[in-house]
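Protein chains get the first letters and strands the later ones, always in sequence-line order, with residue 1 at the start of each. Just so you know, these numbers come straight off a predicted model, no measurement behind them. Just so it is clear, the values below take in all heavy atoms, side chains as well, and ignore hydrogens, waters and symmetry mates.
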Protein chains: 2
Amino acid sequence: MNVQLEDNTGKRVAVLNSTLTLIKEHGFHGAPMSLIAKHAGVAAGTIYHYFDSKETLILELYVHVKDKLALAISAGDDPEKPYKDRFFNLMINQFNFYVENEDSLFFLEQYMSSPFAKNFPENDSQLFADKVITLFQYGIDNAYFRNIDSRLLAPTIKGTLVAAATFQLSGQIVFSKEDIIEVISVIWDGIKRQ
Amino acid sequence: MNVQLEDNTGKRVAVLNSTLTLIKEHGFHGAPMSLIAKHAGVAAGTIYHYFDSKETLILELYVHVKDKLALAISAGDDPEKPYKDRFFNLMINQFNFYVENEDSLFFLEQYMSSPFAKNFPENDSQLFADKVITLFQYGIDNAYFRNIDSRLLAPTIKGTLVAAATFQLSGQIVFSKEDIIEVISVIWDGIKRQ
DNA sequence: TGCAACCGAATGAACGTTCAATTAGAAGAT
DNA sequence: ATCTTCTAATTGAACGTTCATTCGGTTGCA
């Protein structure tokens, strides 16, 4: 099965979490293997017991984070409810995940705009595809959305949510429940079939 | 005056352009000073005649690119025209700039999601503030937009355009003029006062 | 007893930066 | 015009540091 989803107390996960924290604090540059090891309470050599190289460490961290994101996003999804409700629930969950996991948000953004994403597009979370992409596809197939290319929808939506979450995390404002609904309405009004 | 805007044939600009190209091709990591020097047809030491360090090189490259972006975006802006027309012109220009300057788009995205943007938020293009931010502020002041925090507008819009441009650059599709209008309509319908 | 987990000092490559030396060009003097 | 002087521009080898990775050895559990 998927190694990332079990053994959450082991050194493997400690290394992943330390990498995430250090990248958030100092960027890709400021996260040398020696520091990751020290932060994780592990010897430098031990990291190489779990990961072939720093590159694979980053690649596997991406899937690890994206898996967590997928689980958080799809929480409370109820196929019985109207599609708009399901969509809003998904968006709210996504916003909350970003706000509550700043390190994950920062890492995902940096990973996505790095050569990693272009060189290894096949390296992605299966869980995310199953839980999230599926719901989008349902909306497309059933014509809830306006007639734009489906592959434009996801990045469009993500851009807005990330902007809002980043904005709140910068400490300038705390969005109320109503504010978040308003932001998501911007997305919904933009992409829904008019 | 602004050094970046004059002397466009000198070695300073050659270094900036080579840095841009190499970062686009190999990321921040794959652009060592020695390679930048070779690519620019310049000795390693010469770079330090124009830039204090690699860090300031990146910081100044950011302003340099943002200046070019500001000029491209505001091309053909006519204060006499209706606001919606001006807005659409701005958006179309921005989309075209991204598509025609993939290296700039890639660099801007990577810079924005790096520690640079957080550590030096004061390091930005004056030209961009004058030409672009001003027009947005006008739309906010005159209530063309729905009542969301103004600082959310820019990143929201940018997210969508970047998504579309990246999508076209991935080679999967070439947007027609009408397609672009459709994408911008998604933005406009989302943020306009309903 | 065997094997996987773990350690951390050692290694060597890569990198940003420095600097003593050289060249180019402009300004001034003759 | 020619020579002199001065400064800015340029060079690239050398330096010192940092970093990812290796490896011989140790621990602990089955």
Side-chain angles (χ1 to χ4, degrees), chain A residues 1 3-4 6-62 64 107 110-111 114-116 119-120 123, chain B residues 1 3-4 6-62 64 107 110-111 114-116 119-120 123:
Chain A
M1 277 294 135
V3 184
Q4 285 99 286
E6 37 194 69
D7 187 25
N8 272 38
T9 54
K11 307 207 167 186
R12 204 194 106 95
V13 173
V15 168
L16 287 172
N17 287 334
S18 293
T19 306
L20 195 59
T21 301
L22 288 173
I23 286 181
K24 146 79 188 327
E25 277 172 13
H26 309 110
F28 269 111
H29 300 283
M33 295 299 254
S34 54
L35 238 189
I36 293 172
K38 184 181 291 184
H39 188 276
V42 147
T46 303
I47 299 180
Y48 289 86
H49 184 70
Y50 294 101
F51 306 96
D52 285 345
S53 66
K54 188 171 187 181
E55 184 172 80
T56 66
L57 166 58
I58 302 287
L59 290 173
E60 294 188 30
L61 176 57
Y62 170 70
H64 177 76
F107 171 75
Q110 206 164 336
Y111 181 93
S114 77
F116 284 117
N119 295 341
F120 308 96
N123 184 264
Chain B
M1 277 296 138
V3 183
Q4 284 99 290
E6 35 193 73
D7 186 24
N8 272 39
T9 53
K11 307 207 168 183
R12 204 193 105 96
V13 173
V15 168
L16 287 173
N17 287 335
S18 293
T19 307
L20 195 58
T21 301
L22 288 172
I23 286 180
K24 145 80 188 327
E25 277 171 15
H26 309 109
F28 269 111
H29 300 284
M33 295 299 253
S34 54
L35 237 189
I36 292 172
K38 185 181 290 184
H39 188 276
V42 148
T46 303
I47 299 180
Y48 289 87
H49 183 72
Y50 294 100
F51 306 95
D52 285 344
S53 66
K54 187 170 187 181
E55 184 173 82
T56 67
L57 167 58
I58 302 287
L59 290 173
E60 294 188 29
L61 176 57
Y62 170 70
H64 176 76
F107 171 74
Q110 206 163 337
Y111 181 93
S114 77
F116 284 116
N119 295 340
F120 308 96
N123 182 265

Measure [atom1]/[X] against [atom2]/[N] and give the value in whole Å, please.
{"X": "Met33(A)", "N": "dA13(C)", "atom1": "CE", "atom2": "C1'", "result": "16 Å"}
{"X": "Leu35(A)", "N": "dC19(D)", "atom1": "CG", "atom2": "P", "result": "8 Å"}
{"X": "Phe28(A)", "N": "dA20(D)", "atom1": "CZ", "atom2": "C1'", "result": "16 Å"}
{"X": "Asp52(A)", "N": "dT21(D)", "atom1": "CG", "atom2": "C1'", "result": "12 Å"}
{"X": "His29(A)", "N": "dC15(C)", "atom1": "NE2", "atom2": "P", "result": "12 Å"}
{"X": "Tyr48(B)", "N": "dT18(C)", "atom1": "OH", "atom2": "C1'", "result": "9 Å"}
{"X": "His26(B)", "N": "dC15(C)", "atom1": "NE2", "atom2": "C1'", "result": "16 Å"}
{"X": "Ile47(A)", "N": "dA4(C)", "atom1": "CD1", "atom2": "P", "result": "21 Å"}

Counting side-chain heavy atoms from CB outward, which of dG12(D), dT18(C), dT21(D) is closest to Lys54(A)? dT21(D)

Please pick, from dA9(D), dG16(C), dA20(D), the nucleotide with the shortest atom-to-atom distance to any side-chain atom of His49(B). dA9(D)

Tell me the closest heavy-atom pair linking His39(A) and Ser18(A), and the distance in Å. ND1-OG, 2.8 Å

Looking at Ala31(B) and Leu22(B), what are the two nearest heavy atoms and their distance? CB-CB, 4.0 Å

Does Thr56(B) reach the main-chain N or O of Ser53(B) with its side chain, forming a donor-acceptor pair under 3.5 Å? yes

With DNA chain C as reference, determine whether Ala43(A) or Glu55(B) sits nearer its 5' end, using the nearest nucleotide of each. Ala43(A)

Let me confirm one number: the CE-CD1 distance from Met33(B) to Ile47(B), rounded to the nearest 0.5 Å. 4.5 Å

N or O in side chain of [X] less than 4.0 angstrom from [N] OP1/OP2:
{"X": "Thr46(A)", "N": "dC7(C)", "value": "yes"}
{"X": "Tyr50(B)", "N": "dT10(D)", "value": "yes"}
{"X": "Lys11(B)", "N": "dT10(D)", "value": "yes"}

So if I apply the side chain to side chain contact (heavy atoms under 4.5 Å, CB included) rule between Leu61(B) and each of Val15(B), Asn17(B), Leu16(B), which one comes out positive? Leu16(B)

